[in-house]
Amino acid sequence: MIGFVLQIEIYEDGIWYPVIRYDTAHGEAHIDYIDPCGREYHKVWLDVAAPFDDVYVQALQDIRLTYRAHIADGIARKDVADDARNLRS
């Protein structure tokens, strides 16, 4: 495997919003936590010594165990962002 991308997204009002992305951009496996505007607010570097195949399997396992929490967090962050936009209007 030369690389991968796994991403959790939420769908609201006809728009997909990324929440968290596991990928190998920059040549190293990592997790990007993404805000509703599409900006990365946190990055976690994964085991740089492990082959991408192994990291991919670990990422899939992590997604299966934690996707509900990531989706709930994404929805909460989207609601906060929407509230902030409404206050500025």
Side-chain angles (χ1 to χ4, degrees):
M1 178 180 293
I2 59 171
F4 66 86
V5 175
L6 298 170
Q7 183 164 290
I8 296 175
E9 300 177 344
I10 56 174
Y11 184 77
E12 187 174 298
D13 300 326
I15 300 171
W16 286 100
Y17 296 93
V19 175
I20 187 170
R21 178 177 51 242
Y22 299 71
D23 70 54
T24 54
H26 321 295
E28 295 184 22
H30 61 279
I31 305 170
D32 293 322
Y33 293 84
I34 307 162
D35 73 14
C37 295
R39 294 179 301 236
E40 173 195 316
Y41 66 89
H42 185 64
K43 183 183 295 279
V44 176
W45 296 98
L46 301 175
D47 184 357
V48 296
F52 286 162
D53 301 44
D54 294 345
V55 178
Y56 177 81
V57 170
Q58 292 171 348
L60 275 177
Q61 290 172 342
D62 186 53
I63 286 173
R64 288 183 180 128
L65 293 173
T66 62
Y67 75 92
R68 286 184 180 99
H70 290 305
I71 290 170
D73 183 61
I75 291 169
R77 287 179 182 280
K78 172 131 182 10
D79 290 345
V80 168
D82 289 346
D83 290 346
R85 275 192 291 274
N86 291 335
L87 288 174
R88 288 190 297 256
S89 302

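- Judged purely by distance below 3.5 Å, without hydrogens or angles, the side chains of D32 and Y22 never pair a donor atom with an acceptor atom.
- In this structure, CD1 in I8 is found 5.5 Å from OG1 in T66, a value given to the nearest 0.5 Å.
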Original post:
Are Y56 and T24 close enough, and set up right, to give a side-chain contact (heavy atoms from CB on, under 4.5 Å), and what steps lead you there?
Top reply: CA-CA 9 Å; Y56 177 81; T24 54; over 6 Å; no
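- Annotation: the span from I31 atom CD1 to H70 atom NE2 amounts to 7.0 Å, rounded to 0.5 Å.
- Tracing side-chain contacts under 4.5 Å through hydrophobic residues (I, L, V, M, F, W, Y), one never reaches Y11 starting from I75; they form parts of separate clusters.
- Using a 4.0 Å cut-off between charged nitrogen and carboxylate oxygen, R77 and D35 do not count as a salt-bridge pair.
- Stacking of K43 on the aromatic ring of Y33 is not recorded, the 6.0 Å distance cut-off and the 45° axial limit not both being met.
- One hydrophobic cluster, built from ILVMFWY side chains closer than 4.5 Å, holds both V44 and Y41.
- Residues I34 and Y67 fall into different hydrophobic clusters, defined by Ile, Leu, Val, Met, Phe, Trp and Tyr side chains chained together at heavy-atom separations under 4.5 Å.
- Using a 4.5 Å cut-off on side-chain heavy atoms (C-beta onward), I63 and L6 make contact.
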Original post:
Would Q7 and I20 satisfy side-chain contact (heavy atoms from CB on, under 4.5 Å), going step by step from the backbone distance to the final call?
Top reply: CA-CA 6 Å; Q7 183 164 290; I20 187 170; over 6 Å; no
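- Although no hydrogens or angles enter the test, the distance criterion places a donor-acceptor pair under 3.5 Å between the side chain of H30 and the main chain of E28.
- In this structure the side chain of Y17 never reaches within 4.5 angstrom of the side chain of E9, judged on heavy atoms.
- Looking at every heavy atom in both residues, I10 comes nearest to I71 through CG2-CG2, 3.8 Å.
- Of all the heavy atoms in V55 and A50, the pair that sits closest is CG2-CB, 3.7 Å.
- When the side chains of ILVMFWY residues are joined at heavy-atom separations under 4.5 Å, either directly or via intervening members, F4 and L46 end up in a single hydrophobic cluster.
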